[in-house]
Amino acid sequence: YINRDNNMLRLLLLALCAREAATVVWFVNTLEITPLPLLEYPATSDFQQTFNPGWIPPSRNTQGRHGLLIRVQNCTNQEDHCLHCHGPGRRASKMVFSELRYNNTFEPASTVVFGPAGPVDVNGTEDPRVIYNPHDSLYYIFYTSFTSQSTPYLSLASAEDPTRPNPIGKWKKHGFVFPHIPGSKSAAILIKDSSHYVMYWGDTEIRVTESNSITTWPHEGVPFIKPRVGFFDSALVESGPPPMKLSTGDYLFIYNSANGTDFPNKPYTTSAYHTGWVIIDGSNHTNILARSEDPILSPTLLWELGVPPYPCNVPHVVFVEGMRRIG
């Protein structure tokens, strides 16, 4: 898990259970492994901003390597003065790979594997959600590209080995997913079979659509998850990592959210980002079996709250884009 728009990463474990009863009750628990950042500048990252990673699972293409595909930037932060930069060159978001080592630590974030290459993304490539497609042995990365006019678009790239840059990685950009929707962002993919793909996308409400090709999405779909008045997700909801299949055949889908001023749970009466979940029906990908009443993750650590000694971090934000099965 990660702290959005900040320069450190956070790791937790989730445990999900379905209790057999007259009605199945779903609940998700989290266990924090460490309150310390997994990667941060300058100790374990060459980049001042190291955040918003997706998870790259292992395959033969990566020679068994797995780890994080991380958004990075270099903004010049001065003591007591914060620069949340945006633009071309060193200020643009790029992506680096950090391998998970045998002792559950990560290699330092240093080598860029993917980044801007023209006017369609000159101002940044951000926030990857990664899915491995076993039907064609390719990785697909749904990310946000910022054009020369600083307009965001949901975009798609593929790679044989996303842990390495071109030419070894064989990255290919497929362009905007919805060229007619400026401002589109955040897509998580569920692969049903070789000709049936489902997308959950959006950063105000989450929509669901489907296609027979993972690279072509003819319809923007219909609303799937909407904000709820009075809850931790009352202001917006935004897609998280790809749904994870459960032993029941259903799917756990983690989503991001922000509360409005109607959220009664202090200290989050002002806007803050939280993490929620839904259970997607395995037999009907448009049906929600259960939804979290409370967040499973909220900003609590100093570097999530954006207070000293981390005053340059965007305050009150946690954000999830990667999820790994460990059991």
Side-chain angles (χ1 to χ4, degrees), residues 1-17 28-74 93-114 127-132 134 137 139 141 159-165 168-169 240-247 252 254 275 277 296-304 309-310 313 317-327:
Y1 296 98
I2 63 91
N3 197 334
R4 186 183 184 186
D5 294 336
N6 296 328
N7 62 345
M8 286 154 283
L9 308 179
R10 181 178 178 184
L11 173 68
L12 294 95
L13 292 179
L14 289 92
L16 185 142
C17 301
V28 176
N29 293 327
T30 59
L31 172 65
E32 185 173 66
I33 302 303
T34 174
L36 301 176
L38 299 179
L39 296 167
E40 65 174 318
Y41 177 83
T44 51
S45 174
D46 292 347
F47 301 89
Q48 294 169 339
Q49 286 71 43
T50 305
F51 57 122
N52 287 27
W55 173 255
I56 297 178
S59 72
R60 293 179 63 181
N61 293 359
T62 66
Q63 294 81 51
R65 285 154 45 94
H66 57 173
L68 300 174
L69 184 64
I70 309 168
R71 173 184 170 185
V72 296
Q73 285 177 270
N74 272 321
S93 293
K94 305 172 182 64
M95 299 183 198
V96 304
F97 172 70
S98 175
E99 183 177 6
L100 177 62
R101 298 182 287 204
Y102 68 92
N103 60 351
N104 286 325
T105 62
F106 287 89
E107 291 284 351
S110 59
T111 302
V112 173
V113 296
F114 184 76
D127 301 349
R129 278 83 165 171
V130 183
I131 188 76
Y132 176 72
S137 300
Y139 291 84
I141 299 90
E160 288 190 11
D161 180 1
T163 70
R164 305 178 192 276
I168 300 174
M244 179 179 289
K245 193 170 186 177
L246 306 173
S247 60
L252 170 65
I254 302 296
T275 304
W277 58 268
I296 56 172
L297 181 63
S298 293
T300 57
L301 303 176
L302 294 181
W303 45 279
E304 297 167 339
Y310 308 105
N313 289 6
V317 176
V318 291
F319 204 78
V320 182
E321 292 179 8
M323 184 162 56
R324 173 197 174 208
R325 184 186 298 276
I326 60 173

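Since the structure is predicted, the reported quantities are computational estimates derived from the model, not experimental observations.
Inter-residue side-chain proximity for Leu69 and Pro53 is flagged as unmet; no heavy-atom pair is nearer than 4.5 Å. When side chains are defined from C-beta on, Gln63 counts as touching Asp161, because their heavy atoms get closer than 4.5 Å. Using a 4.5 Å heavy-atom cutoff, the side chains of Val96 and Ser110 are not in contact. Side-chain contact between Gln73 and Ser93: present, with at least one pair of heavy atoms (C-beta onward) separated by less than 4.5 Å.
Under the 3.5 Å distance criterion, the side-chain polar atoms of Arg60 are left unmatched by any main-chain donor or acceptor of Ser137. Remark: side-chain polar atoms of Ser98 are not paired, donor with acceptor, to backbone N or O of Pro108 under 3.5 angstrom.
One finds the CD1 atom of Ile326 at 8.5 Å from the CG atom of Asn104 (value rounded to the nearest 0.5 Å). Rounded to the nearest 0.5 Å, atoms CZ (Arg324) and CE (Met244) are 10.0 Å apart. Taken from CG in Asp46 to CG in Asn74, the straight-line distance is 8.5 Å, to the nearest 0.5 Å. Thr50 contributes atom OG1, which lies 11.5 Å from atom CG of Leu38 (distance to the nearest 0.5 angstrom). In this structure, the separation between CG on Leu100 and OG1 on Thr105 is 7.5 Å, given to the nearest 0.5 Å. Atoms CG and CE, on Asp127 and Met95 in that order, are 7.5 Å from each other to the nearest 0.5 Å.
Ring pair Trp55/Phe106 is perpendicular by interplanar angle, where above 60° counts as perpendicular and below 30° as parallel.
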Set out, in order, the CA-CA distance, both residues' side-chain angles and the distance that settles side-chain contact (heavy atoms from CB on, under 4.5 Å) for Thr30 and Leu297, then state yes or no. CA-CA 8 Å; Thr30 59; Leu297 181 63; 5.7 Å; no
Test log, rule side-chain contact (heavy atoms from CB on, under 4.5 Å), inputs Val318 and Leu301: CA-CA 10 Å; Val318 291; Leu301 303 176; over 6 Å; no
Show your working on side-chain contact (heavy atoms from CB on, under 4.5 Å) between Glu107 and Phe97 and close with a plain yes or no. CA-CA 9 Å; Glu107 291 284 351; Phe97 172 70; over 6 Å; no
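Ile56 and Thr163 make their closest contact through CG2-CG2, 4.2 Å (heavy atoms, listed as atom of the first residue, atom of the second, distance). Closest approach of Pro58 to Gly64, counting heavy atoms only: CB-O, 3.5 Å. In this structure, Ile168 and Arg164 approach most closely via the heavy-atom pair CG2-CD, 3.4 Å. Of all the heavy atoms in Ser45 and Tyr41, the pair that sits closest is O-CD1, 3.3 Å. Residues Pro162 and Thr62 approach most closely at CD-CG2, 4.3 Å, considering heavy atoms. Minimum heavy-atom separation, Glu304 to Ser298: OE1-O, 3.9 Å.
Inspection of the Asn61 and Ser59 side chains reveals no N or O donor paired with an N or O acceptor under 3.5 Å.
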